[in-house]
Amino acid sequence: MTGAPRIVLLGVSGAGKTSAGRILAERLGADFVDADDLVAQEAGAPLAELVIARDPRLERLRRSAARRALARPGAVVALGASQIEDADTVDGIREAKTRGAFVVELVADTAEVARRTGLNRPRSVGLGAPRAMLTAMIAALHERYADVADSSVPTGGADPALVADRVLGECRLAGDSPNNRD
Ligand SMILES: Nc1ncnc2c1ncn2[C@@H]1O[C@H](COP(=O)(O)OP(=O)(O)O)[C@@H](O)[C@H]1O
Ligand SMILES: O=C(O)C1=C[C@@H](OP(=O)(O)O)[C@@H](O)[C@H](O)C1
Ligand SMILES: [Mg+2]
């Protein structure tokens with residue numbers, strides 16, 4: 001088709017974008033591009049290190065990584081959770097949609113995200129109310145994802161392979177035939 005990714009996955013950290021994205025790409029015989037990996041490659045350092053150090057290059061690196069990922073024809077692309085807060089990246093997602101990309105939000109609730117990311121273990125209360133903050137963060141990001149996504153897929157109680165099936169099902173319902181596209 002037109003130089004756009006086939007599928008763009010959005011969702012909070014722990015929604016399962018990377019896990020389901022790899023499976024989807026394998027099923028479609030497509031490349032999987034995780035924007036976070038492009039950042040790490042470009043910076044020559046693991047992303048977590050850059051985040052913890054509040055590296056001043058991070059915003060620019062993440063923006064350009066999102067643009068490069070969104071320019072990969074036929075790929076399955078995962079963006080980092082908070083990249084939806086960057087206006088240029090949202091423009092890039094909307095442009096990719098006009099070129100044929102199908103955008104899906106993977107949805108996971110607080111309990112699921114907490115379990116998957118290890119935040120459900122006992123921890124210091126000195127941080128305030130991490131569970132309430134996580135819930136608020138998930139709700140705020142969901143508003144933004146929903147604003148650009150063509151579809152959303154629940155991930156609770158479903159393993160990544162089933163999540164990948166559901167994403168493909170949504171593509172087909174929307175009239176897209178990812179297995180048949182070149
Ligand atoms: N559908 C799922 N069910 C249960 N655990 C999952 C699921 N998807 C991902 N996970 C687990 O949750 C964690 C975060 O998954 P990941 O794919 O890295 O999410 P994201 O890229 O959205 O942050 C990993 O430990 C992964 O094994
Ligand atoms: O966008 C974010 O806030 C981040 C998302 C994480 O990736 P996932 O969304 O794949 O978990 C990881 O890049 C980093 O810890 C920061
Ligand atoms: Mg990821």
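What you see is a predicted model; the values in this text were computed from it and never measured. Throughout, numbering of the chain's residues begins at 1 and tracks the sequence. One-based numbering, in listed order, for ligands and for the atoms of each.
- Taking distances strictly below 2.8 Å, the protein N/O/S atoms close to the Mg ion (ligand 3) are Thr18 OG1.
- Protein heavy atom closest to atom 5 (C) of ligand 2, with residue, atom name and distance, is Ala81 N, 3.8 Å.
- Residues Leu9 and Leu79 form no side-chain contact, since every pair of their non-hydrogen atoms from C-beta on lies 4.5 Å or further apart.
- Annotation for ligand 1: atoms under 4.0 Å from non-hydrogen atoms of Ser19 are 9 (C), 15 (O), 16 (P), 17 (O), 26 (C).
- In this structure, Asp159 CG and Ser19 OG are separated by 10.0 Å, a value rounded to the nearest 0.5 Å.
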Item to complete: Apply side chain to side chain donor-acceptor pair (under 3.5 Å) to Thr155 and Arg116, showing your working.
Response: CA-CA 11 Å; Thr155 69; Arg116 292 182 192 169; 3.2 Å; yes

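- Protein non-hydrogen atoms do not reach within 4.0 Å of atom 15 (O) of ligand 2.
- Residue contacts with ligand 1 include Val12, since one or more of its heavy atoms lies under 4.0 Å from the ligand.
- Proximity of a side-chain donor or acceptor of Gln83 to a complementary backbone N or O of Arg62 within less than 3.5 Å is detected.
- If you check which protein heavy atom lies closest to atom 9 (O) of ligand 2, you get Lys17 NZ, 2.9 Å.
- Between Ala78 and ligand 1 there is no heavy-atom distance shorter than 4.0 Å.
- Residue contacts with ligand 2, taken as heavy atom pairs separated by less than 4.0 Å, involve Arg62 solely via side-chain atoms from C-beta onward.
- A heavy-atom distance below 4.5 Å is found between the side chains of Asp88 and Arg67.
- Note: an N/O pair closer than 3.5 Å links Ser82 and ligand 2 by distance alone.
- Look at Glu26 and Arg22 and you find no salt bridge, because none of the NZ, NE, NH1 or NH2 atoms lies under 4.0 Å from a carboxylate O.
- Atom CG in Leu10 sits 10.5 Å away from atom OG1 in Thr89 (nearest 0.5 Å).
- For the pair Arg94 (side chain) and Val148 (backbone), a donor-acceptor distance under 3.5 Å is absent.
- Here the closest heavy-atom approach between residue Ala96 and residue Pro5 is recorded as CB-CD, 4.3 Å.
- Counting protein heavy atoms only, atom 4 (C) of ligand 1 is closest to Arg116 NE, 3.5 Å.
- The closest approach between any non-hydrogen atom of Gly11 and ligand 1 is not below 4.0 Å.
- Taking only nitrogen or oxygen atoms, main chain and side chain alike, Glu112 does not reach within less than 3.5 Å of ligand 1.
- Counting only distance, with no hydrogens or angles, the side chain of Lys17 and the backbone of Val12 share a donor-acceptor pair below 3.5 Å.
- Residue contacts with ligand 1 for Leu162 are absent, since no atom lies close enough (heavy atoms, distance under 4.0 Å).
- Under a 4.0 Å N-O distance rule, the pair Glu42/Arg68 qualifies as a salt bridge.
- Listed by number with element, the atoms of ligand 1 under 4.0 angstrom from any heavy atom of Val163 are 1 (N).
- Contacts of Ala158 with ligand 1, taken as heavy-atom pairs under 4.0 Å, involve the backbone alone.
- For atom 24 (C) of ligand 1, the protein comes within 4.0 Å by no heavy atom at all.
- Linking ILVMFWY residues whenever their side-chain heavy atoms come closer than 4.5 Å, directly or via other members, places Leu134 and Tyr145 in the same cluster.
- Atoms of ligand 1 lying under 4.0 Å from at least one heavy atom of Thr18, given by number and element, are 17 (O), 18 (O), 21 (O).
- Minimum heavy-atom separation, Leu28 to Val76: CD1-CG2, 4.0 Å.
- In this structure, of Leu9, Asp37, Asp36, Leu79, the residue bringing a heavy atom nearest to atom 12 (C) of ligand 2 is Asp36.
- Between Ile7 and Val167, some side-chain heavy-atom pair lies under the 4.5 Å cut-off.
- The distance from ligand 2 to the heavy atoms of Ser13 drops below 4.0 Å at these ligand atoms: 6 (C), 8 (P), 9 (O), 11 (O).
- The single protein non-hydrogen atom nearest to atom 14 (C) of ligand 1 is Gly14 CA, 3.9 Å, given as residue, atom name and distance.
- Contact of the Phe102 side chain with the Glu170 side chain is registered, since non-hydrogen atoms from C-beta on lie closer than 4.5 Å.
- Put simply, the side chain of Thr98 gets close to the backbone of Glu95: a donor and an acceptor are under 3.5 Å apart.
- Contacts with ligand 1 closer than 4.0 Å are made by backbone heavy atoms (N, CA, C, O) of Asp159 only, the side chain lying farther away.
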